[in-house]
Number of protein chains: 4
Amino acid sequence: MRTTNVQDQVLRAALDLFSTQGYATTSVQEIVAAAGVTKGAMYHYFSSKDDLLFAIYDRLLSLQKARLDEIVARGAERGDAVEDVLRAVCEDVVATSIEFMPEGTVFTRSQHMLMPDRQAEVKRRRREYHEEFEALLRRGIDEGVFRGDVPTAMLIAHFFSDVHYLSQWYSPDGPLTAAQVAEQLTELFLRSIGRAPGED
Amino acid sequence: MRTTNVQDQVLRAALDLFSTQGYATTSVQEIVAAAGVTKGAMYHYFSSKDDLLFAIYDRLLSLQKARLDEIVARGAERGDAVEDVLRAVCEDVVATSIEFMPEGTVFTRSQHMLMPDRQAEVKRRRREYHEEFEALLRRGIDEGVFRGDVPTAMLIAHFFSDVHYLSQWYSPDGPLTAAQVAEQLTELFLRSIGRAPGED
Amino acid sequence: MRTTNVQDQVLRAALDLFSTQGYATTSVQEIVAAAGVTKGAMYHYFSSKDDLLFAIYDRLLSLQKARLDEIVARGAERGDAVEDVLRAVCEDVVATSIEFMPEGTVFTRSQHMLMPDRQAEVKRRRREYHEEFEALLRRGIDEGVFRGDVPTAMLIAHFFSDVHYLSQWYSPDGPLTAAQVAEQLTELFLRSIGRAPGED
Amino acid sequence: MRTTNVQDQVLRAALDLFSTQGYATTSVQEIVAAAGVTKGAMYHYFSSKDDLLFAIYDRLLSLQKARLDEIVARGAERGDAVEDVLRAVCEDVVATSIEFMPEGTVFTRSQHMLMPDRQAEVKRRRREYHEEFEALLRRGIDEGVFRGDVPTAMLIAHFFSDVHYLSQWYSPDGPLTAAQVAEQLTELFLRSIGRAPGED
DNA sequence: TATGAATGAGGCTTCATTCAT
DNA sequence: GATGAATGAAGCCTCATTCAT
């Protein structure tokens, strides 16, 4: 393993507290107390509170990018229909977002508290991610299986809004499993972007 | 007039700063400076910084509730089809949310920073709002025009996610007008919840 | 009076502690404790610890410039010989520097701890001061009463080195009065820059 | 060799940083980074940050003392006139101080940051040095070649002020060589302390 | 000899709020 | 109604030094 115990404990505590109380409302003191380490030890590994926040973003962005890349690559390898690839992508994003809901909560709420340069990096990586997603949409549109009368930017927003909104309503203790939510949200999305029967 | 100049100036400044920099990052000093009033004057009208935040929520929630009530009432009065009423509601919510985007930004980002009791009130009023929206959905399902195979909670989330996500991507300087976005997002939503051709 | 009690007390305490222990070694806590005010009150009037340091510099620089201006102006008014004007200037600088020795100590030791822009301002104002002093030297050289074989920059340094060095050796409790020191150091300086008997 | 590489590197880095940024503003971390060694290694050779500062003083004091002793001894050996010996001493001090300007800068600025006992030692060695210098002055006064109407303490201060002030104005990139400065400052000093024509 | 993670005390600053006027 | 000086608690971060390896 590459990360020491201190790093792990601190990140775990930070994630927990940030997602629960918010970034601004959580003090470094609380974090180190929850992690069971001293402030000095924490600052040995992280150069600022902002660093902790970014580390959380970084992990989430990396993870999602890797999964997207992998699913797209696998689909290409197998020659899957674009609709099937997109469905796999969407279901995976939703399921992963549920699995990493605390990260997602922090992501949505606290992006504006990152240092400007880091905020820019997050935006850049998010844009890259969206572009890969858009490529699938565009291919579907070209192939005539997705509707072409709505800007792709809006279609992208339409899907990712669901992903970001999960933490506002979904609870793992509720009646729906993550898989069900993933399947149903994906189905709603796909139905809304499908070529309508009479469409040209 | 009901509100004095001080109240207006302060709320305007607070909204501007909270939506731009975030609630936690904005000091009371900055707000009063931007509003051109003194701290004492501000504290004469608002009992705390939290009060300012809540006032912003209050206005937005009242506004949206009033508009929803009005549209539903008008639809009932005219005996409009439920699909038409829902369309009107959705388009209005989107358009209004664009018009009040700063409020929406604050709403999404800073809800967790409100005092607990106020947070509870916001949740309650939001729930009431959603219940009125759900009534429309349920009526449509009962009438057989909307699909019944997806929980209404998910359909609600599916729509309001778009509304909350607007500030993440929409810019009034872009190619799309607010009306176009309202119409297109509504259309995407309605298509996804409509009874499918072969559905029972 | 323009300054409140808090400002006065704080500056007095800061001057005392900075000159005694050094700027870096003195904590804001110590200053406010010595001044008998709270930290918050201090930060109401001074925006940083650096501000305190600069305030000390500012007062000293303003004072010295004002005195120099006045003496030069008076000399011009009365048509005094340049040597007499220079003597008056030098004696005054030395005497004033003894009177404000704590300020001078801080000045010498802690200039490099000022924020860069303030350091630049101090340098600028010091240069202006030196230029006015240099004008006297130059006039004396032109009139043939001061030697012309040594760069004025060195003559300036030769005199002000004595001024800065006072705090290293002079004590008001010693055998020499401030006036005596002023007169003797001035005499040493004037003798060293006078035209030598056989000089051309 | 007596000093290991680590010691040399660390002292070199410390001198550079202390003279540039000041002692208090320089962290041990910066020093070891600049020296290319680790903290542990540094603390193996130096017991504290204060130790580094003192080592710089120690070297400078030893050097200057050695040179003074040597020049005085040589003068005695050759039976040189006191004025010639003093001239040699002064020119050497100035030239050496220019050569070791960083050390001098640190010396002037940071003496008050040494631990009390070390500060006392520095003062003691400085005093010894001055006493040897004073002996020359006194001899000259007794021989009637230097003026006797000014306390020797002031004459000493008058000379060493120039030495300490060098770093405030002299730059090796300027028009004057170190030798020229040494000669001219010495000449100014000697002229000011010489017996005046009409003096008794 | 040397490493570098960890300590723990202390530093500077911010800020929502109060209160005498 | 309105002022703005003052409070006091808390916040983030730095750093010289130690110590197990």
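All chains are named by letter (A, B, ...) in the order of the sequence lines, taking the proteins before the strands, and each is independently numbered beginning at 1.
Taking atom C1' on both E:dT1 and F:dT21, the two are 13 Å apart, rounded to the nearest angstrom.
Mapped onto DNA chain F by nearest heavy atom, A:Thr25 and C:Gly40 fall at different nucleotides, with C:Gly40 at the one closer to the 5' end. Of the residues near DNA chain E, B:Ala24 and C:Ser48, the one whose nearest nucleotide (by heavy atom distance) lies more toward the 5' end is C:Ser48.
The NZ atom of B:Lys39 sits 8 Å away from the C1' atom of F:dG4 (whole-angstrom rounding). What separates CZ of A:Phe46 from P of F:dC12 is a distance of 15 Å, to the nearest Å. Residue A:Asp50 contributes atom CG, which lies 15 Å from atom C1' of F:dG11 at whole-angstrom precision. E:dA16 atom C1' lies 12 Å from atom CZ of B:Phe18, rounded to whole Å. In this structure, C:Glu30 atom CD and E:dG10 atom P are separated by 11 Å, rounded to whole Å. A straight line from CD of C:Gln29 to P of E:dA9 spans 16 Å, rounded to a whole angstrom. Computed from coordinates, the C:His44 NE2 to F:dG4 P distance equals 9 Å when rounded to whole Å. Here the P atom of nucleotide F:dC15 and the CE atom of A:Met42 are 15 Å apart, to the nearest Å.
Distances were taken from every side-chain heavy atom of C:Ala41 (C-beta onward) to each of F:dC13, F:dA6, E:dC15; the shortest belongs to F:dA6. Here the nucleotide nearest the side chain of D:Thr38, chosen from F:dA2, E:dT13, E:dA2, is E:dA2. Considering only the side chain of A:Lys49, F:dC12 comes nearest among F:dG8, E:dA6, F:dC12. Closest contact between the side chain of C:Tyr45 and the listed nucleotides F:dA5, E:dT14, E:dG8 involves F:dA5. For A:Tyr43, counting side-chain heavy atoms from C-beta on, the closest listed nucleotide (E:dT17, F:dT17, F:dC12) is F:dC12.
Contact annotation for D:Ser47: no contact, since no heavy-atom pair falls under 4.0 Å across all strands.
Here the closest heavy-atom approach between residue A:Ile31 and residue A:Ala13 is recorded as O-CB, 3.7 Å. Between A:Ser110 and A:Tyr57 the shortest heavy-atom distance is C-OH, 3.1 Å.
Within the 4.5 Å cutoff, no side-chain heavy atoms of B:Arg109 are placed close to those of A:Gln111.
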Apply the test side-chain contact (heavy atoms from CB on, under 4.5 Å) to residues A:Leu114 and A:Val122: give CA-CA distance (whole Å), side-chain angles for both, the deciding distance (0.1 Å), then the verdict. CA-CA 9 Å; A:Leu114 276 175; A:Val122 169; 3.7 Å; yes
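When Watson-Crick and G-U wobble pairs are counted only if both distances are under 3.5 Å, F:dT21 pairs with E:dA2.
In this model, a donor atom of one side chain and an acceptor atom of the other lie less than 3.5 Å apart for C:Ser62 and C:Arg125.
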